[in-house]
There are 2 protein chains.
Amino acid sequence: MPADDQKAQAAREALRDAILSGEYLPGERLVEAQLCERFGISRFTVRAALQDLTADGLVKVERNKGAHVRKVTLDEAVEITEVRMVLEGLVAARAAARVTDAQASELDEIGLLMRRAVSAGEFRRYGDLNQRLHGLIRTIGGHHTADSIIETLRGQLVRHQFMISLHPGRPAISLPQHERIIEAIRERDPKAAESAMREHIASVIEALRDIDATELR
Amino acid sequence: MPADDQKAQAAREALRDAILSGEYLPGERLVEAQLCERFGISRFTVRAALQDLTADGLVKVERNKGAHVRKVTLDEAVEITEVRMVLEGLVAARAAARVTDAQASELDEIGLLMRRAVSAGEFRRYGDLNQRLHGLIRTIGGHHTADSIIETLRGQLVRHQFMISLHPGRPAISLPQHERIIEAIRERDPKAAESAMREHIASVIEALRDIDATELR
DNA sequence: GCCGCCAAGATTGTCGACAATCAGCAAGGG
DNA sequence: CCCTTGCTGATTGTCGACAATCTTGGCGGC
């Protein structure tokens, strides 16, 4: 009966979601016994899930001191985003070299929807499109190694990412950057695609710093 | 008594070394019971060690099918090295911005030793210096996030890396590249340091492809 | 009153045993 | 003769219980 398998894996993802959604705050202690009761699974499974999350950098375990939700400082967030900058630059360059005509028009369509969302003031929708654009570029790039690292890093930043996307004025800055990225890939110019992507994410880093400074008021 | 702790951790590293040193070949199956006997530890500890190695990308576990030493194809090796290229480029740029005078002279010294090693034909020594140079640059860069990813990726490539370092003619190609990197960092020119590092690792990728083509004859 | 120390509770680390699952082989039917 | 099917040994997945360790609160001494 594979029901146990599904239960164990479901619980693992439930725990991941609970942390990602902010149900457990950064620094909060994750007591194994509590998680057992919470998700109706054994401690063995809880430990396996915690090790998974540790590998993804979402929790940190100290020997004999248990697991905590990892706290990501501003400096770490900047470092992580710097790494994303060069990796997504690499992926964008490869995307420019590999893009098909069908994918090119899909990029264009996203660009159009983005412009519409911005002029209509639909920031939430713009955020979704942003994610879809970066995802499509990574699909086109087809760089499995870079992809999985980027995905891991993204998980560590959900909190910060969320704050950025709601920051007023961001779309006005990032929309033209996104347009440049799309254009460079459509013209199959790897160097231009890489530098456009890097410029874009460099401005995300600036936004990160600004937002953090704002929050400390 | 912390003896057990040390034993468990020692066994973990012993298993890692056994895989890294090539004692277990890529694709080889790692049977938990055998590892228990081999290292004199319980299955629990073996499983923990295997999960560690999985996180590092050294082994791959399939449900109910056990753990295998991960096979790194040429394409994957190229991808991994591409990621290293952009990450070490990022680190080199930061190193150029942060290098102290003492570190600058240490870089110079390594450069001198490298020239000597090449002219003396001491390839093994040159390989060690190569590793020391890259390590020092990463120390100077002080980019923890990029560092740990680079270190993880390096582990997955030990086999290929080894073949490259013994490839005749490599030092003649890589020595001037190393010299350019050192010079750019010493002159505190981040852009030059990044592009020098990327050129260097791009040529490593070429070497990877050549060696693989040679091996298939 | 303050500091260090000890005991008890709570939490994590480890283990051996049992259950679930898979690979290989033999027997039977087409 | 080949394919399917059921069995059997081997291997991995899961669990509950016990041991080791840390934390907390109270006690005694200075």
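All values reported here derive from a predicted model rather than from experimental measurement.
Rounded to whole Å, atom C1' of C/dT11 lies 12 Å from atom CG of A/L35. Atom-to-atom, CD of B/Q51 to P of C/dT14 comes out at 13 Å; the value is rounded to the nearest Å. In this structure, the CZ atom of B/R47 is 14 Å from the C1' atom of C/dG16, given to the nearest Å. Between A/Q34 atom CD and C/dT12 atom P there is a gap of 8 Å when expressed in whole angstrom units. In this structure, the CG atom of A/N64 is 7 Å from the C1' atom of C/dG13, given to the nearest Å. The distance from atom CZ of A/R63 to atom P of D/dA20 is 13 Å, rounded to the nearest whole Å. Spacing between atom CZ of B/F39 and atom P of C/dT14 amounts to 17 Å, rounded to whole angstrom units.
Between A/E82 and the options B/V91, B/L90, B/T145, a side chain to side chain contact (heavy atoms under 4.5 Å, CB included) holds for only B/L90.
Taking every side-chain heavy atom of A/E32 into account, C/dT12 is the closest of C/dT14, D/dT12, C/dT12.
The phosphate of D/dG16 (OP1 or OP2) has no side-chain N or O of A/S42 nearer than 4.0 angstrom. In terms of phosphate contacts, A/T45 brings a side-chain nitrogen or oxygen within less than 4.0 Å of OP1 or OP2 of D/dC15. Between A/R43 and D/dG16 there is no side-chain N or O to OP1 or OP2 distance below 4.0 Å.
Rotation axes derived from the C1' atoms of the five outermost pairs at either end of the helix from C/dG1-D/dC30 to C/dG30-D/dC1 lie 10° apart, to the nearest 10°.
Across the interface with DNA chain C, nearest-nucleotide mapping of A/V31 and A/F44 shows A/V31 to be the residue nearer the 5′ end.
Using a 4.0 Å cut-off between charged side-chain N and carboxylate O, A/E206 and A/R209 make no salt bridge. Taking 4.0 Å as the cut-off between side-chain N and carboxylate O, A/R198 and B/E194 count as a salt-bridged pair.
Formation of a donor-acceptor pair under 3.5 Å by the A/R94 side chain with backbone atoms of A/G142 is found in this model.
By the 30° and 60° cut-offs, the orientation of the rings of B/H134 relative to B/H200 is tilted.
In the model, B/R154 has no side-chain atom that pairs as donor or acceptor with a side-chain atom of B/Q161 under 3.5 Å.
Within the nucleic acid shown, A/L30 comes within 4.0 Å of sugar-phosphate atoms alone, with no base atom in reach, counting heavy atoms only.
The shortest side-chain heavy-atom distance between B/L107 and B/I137 falls under the 4.5 Å cut-off.
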